[in-house]
Amino acid sequence: MESKQQLLDKRYLRMAEIWAENSYCKRRQVGCLVVKDKRIISDGYNGTPSGFENVCEDEDNITKPYVLHAEANAITKLARSHNNSDGATLYVTDSPCIECAKLIIQSGITRVVFTHLYRITDGVELLQRAGIEVVHLTMEKN
């Protein structure tokens, strides 16, 4: 039987999966929520910076270098709000890359929960090295 925390984690991960649908990226759609005290304080999905065209890949189907990851979008959105992420949990559909892991560490987030493990795991390893709790939860498809 799943604990209350696992049920809550899966609920937020399902919400992150739905949020990923907002991404215009074709190769991979990633969604992210930052939760503190059972409140969503920020959200993000991968895509181009504000004011840019909503096209993430070039004509060779390679992701453009300026596309922001979902975690970066959620954390920078927090920076423009009155919320802070100290002690928060970040829910993301795919495991963080090393650049996003650095942002997560610096933001004060203490827990990361993700669904899909990306083939490069240096971001997860950096988070663990920093003492951040990292949880990999696989989700069943309905």
Side-chain angles (χ1 to χ4, degrees), residues 2 4-142:
E2 293 180 314
K4 285 183 182 181
Q5 185 62 58
Q6 285 175 316
L7 291 171
L8 199 58
D9 287 345
K10 286 187 175 184
R11 187 173 302 139
Y12 285 123
L13 280 174
R14 285 194 311 271
M15 292 170 72
E17 291 275 358
I18 291 167
W19 203 243
E21 294 172 13
N22 288 316
S23 173
Y24 288 91
C25 297
K26 295 176 184 167
R27 293 180 63 223
R28 179 183 306 269
Q29 293 181 312
V30 180
C32 177
L33 299 175
V34 180
V35 177
K36 185 173 179 178
D37 301 324
K38 295 185 180 177
R39 284 183 27 245
I40 298 170
I41 60 171
S42 192
D43 54 60
Y45 51 88
N46 58 325
T48 57
S50 298
F52 282 64
E53 73 289 347
N54 287 321
V55 179
C56 298
E57 294 85 11
D58 64 18
E59 57 279 348
D60 295 321
N61 202 34
I62 295 172
T63 301
K64 294 178 179 178
Y66 52 84
V67 168
L68 291 159
H69 289 188
E71 305 95 316
N73 269 324
I75 290 169
T76 55
K77 191 179 207 180
L78 262 171
R80 297 181 72 166
S81 76
H82 296 288
N83 291 310
N84 79 65
S85 51
D86 289 338
T89 298
L90 183 137
Y91 293 91
V92 63
T93 56
D94 291 57
S95 58
C97 71
I98 196 152
E99 294 301 319
C100 288
K102 291 188 271 186
L103 291 174
I104 292 165
I105 292 164
Q106 290 300 97
S107 71
I109 290 168
T110 56
R111 189 166 179 266
V112 173
V113 183
F114 68 92
T115 305
H116 308 288
L117 183 63
Y118 191 64
R119 61 182 170 77
I120 301 170
T121 60
D122 54 359
V124 170
E125 292 161 10
L126 185 64
L127 290 170
Q128 291 168 331
R129 182 176 170 199
I132 292 173
E133 180 185 355
V134 179
V135 180
H136 179 198
L137 281 180
T138 54
M139 304 283 283
E140 289 123 28
K141 296 287 183 189
N142 292 339

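- Within the 3.5 Å criterion, the main-chain N or O of D60 finds a donor-acceptor partner in the side chain of D58.
- Looking at every heavy atom in both residues, A101 comes nearest to P96 through N-CB, 4.4 Å.
- In this structure, OG1 in T138 is found 11.0 Å from CG in L117, a value given to the nearest 0.5 Å.
- With rounding to the nearest 0.5 angstrom, the CD atom of Q6 is 11.5 Å from the CG atom of L13.
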Side chain to side chain contact (heavy atoms under 4.5 Å, CB included) between D94 and H69, worked out: CA-CA 10 Å; D94 291 57; H69 289 188; over 6 Å; no

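- Surrounding CD of Q106 are at most 12 heavy atoms belonging to other residues, nucleotides or ligands under 6.0 Å away.
- E133 is linked by a side-chain hydrogen bond (donor to acceptor under 3.5 Å, both in side chains) to R111, counting only residues two or more places apart in sequence or in another chain.
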I'd like a table of donor-acceptor pairs (distance under 3.5 Å, sequence neighbours excluded) in which one partner is a side-chain atom from residues 41-49, with atom names and distances.
from: S42; atom 1: OG; to: A74; atom 2: O; distance (Å): 2.7
from: D43; atom 1: OD1; to: W19; atom 2: NE1; distance (Å): 3.4
from: D43; atom 1: OD1; to: K77; atom 2: NZ; distance (Å): 2.6
from: N46; atom 1: OD1; to: S23; atom 2: OG; distance (Å): 3.0
from: N46; atom 1: OD1; to: V30; atom 2: N; distance (Å): 2.8
from: N46; atom 1: ND2; to: R28; atom 2: O; distance (Å): 2.8
from: T48; atom 1: OG1; to: E53; atom 2: O; distance (Å): 2.8

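- For F52, the ring-ring contact (aromatic ring centres under 6.0 Å, His included) partners are Y66, not counting sequence neighbours.
- At least one donor-acceptor pair under 3.5 Å links the side chain of H136 to the backbone N or O of T115.
- In this structure, the side chain to side chain contact (heavy atoms under 4.5 Å, CB included) partners of I105, at least two apart in sequence or on a different chain, are L126, L127, A130, I132.
- The minimum heavy-atom distance between L33 and A16, with the atom names listed, is CD1-N, 4.0 Å.
- No side-chain heavy atom of E71 sits less than 4.5 Å from a side-chain heavy atom of V112.
- For the pair E57 (side chain) and K26 (backbone), a donor-acceptor distance under 3.5 Å is present.
- Looking only at side-chain heavy atoms (C-beta outward), N84 and K36 come within less than 4.5 Å of each other.
- Looking at E99 and K102, a side-chain N of the basic residue comes within less than 4.0 Å of a carboxylate O on the acidic one, giving a salt bridge.
- The two atoms that bring C100 and A72 nearest to each other are SG-N, 4.2 Å, heavy atoms only.
- The ring pair (Phe, Tyr, Trp, His ring centres under 6.0 Å) pairs that include a residue from residues 72-110 are Y12-Y91, where partners are two or more places apart or lie in different chains.
- From T89, atom OG1 reaches atom CG of D9 across 7.0 Å, with rounding to the nearest 0.5 Å.
- Atom NZ in K4 sits 10.5 Å away from atom CG in L8 (nearest 0.5 Å).
- Across all non-hydrogen atoms, the minimal contact from A88 to I109 is O-CG2, 3.3 Å.
- Q128 has its side chain within reach of V124: a pair of non-hydrogen atoms, C-beta onward, lies under 4.5 Å apart.
- Minimum heavy-atom separation, A70 to G31: CB-C, 4.0 Å.
- Listed by chain and residue number, nothing satisfies the side-chain hydrogen bond (donor to acceptor under 3.5 Å, both in side chains) test with R11 (two or more places apart in sequence, or in another chain).
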Audit row: L78, S107, side chain to side chain contact (heavy atoms under 4.5 Å, CB included) steps and yes/no: CA-CA 9 Å; L78 262 171; S107 71; over 6 Å; no

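- In this structure, N83 CG and I40 CD1 are separated by 12.0 Å, a value rounded to the nearest 0.5 Å.
- Of all the heavy atoms in M139 and R14, the pair that sits closest is CE-CG, 3.3 Å.
- A distance of 7.0 Å separates CD1 in I75 from SG in C32, rounded to the nearest 0.5 Å.
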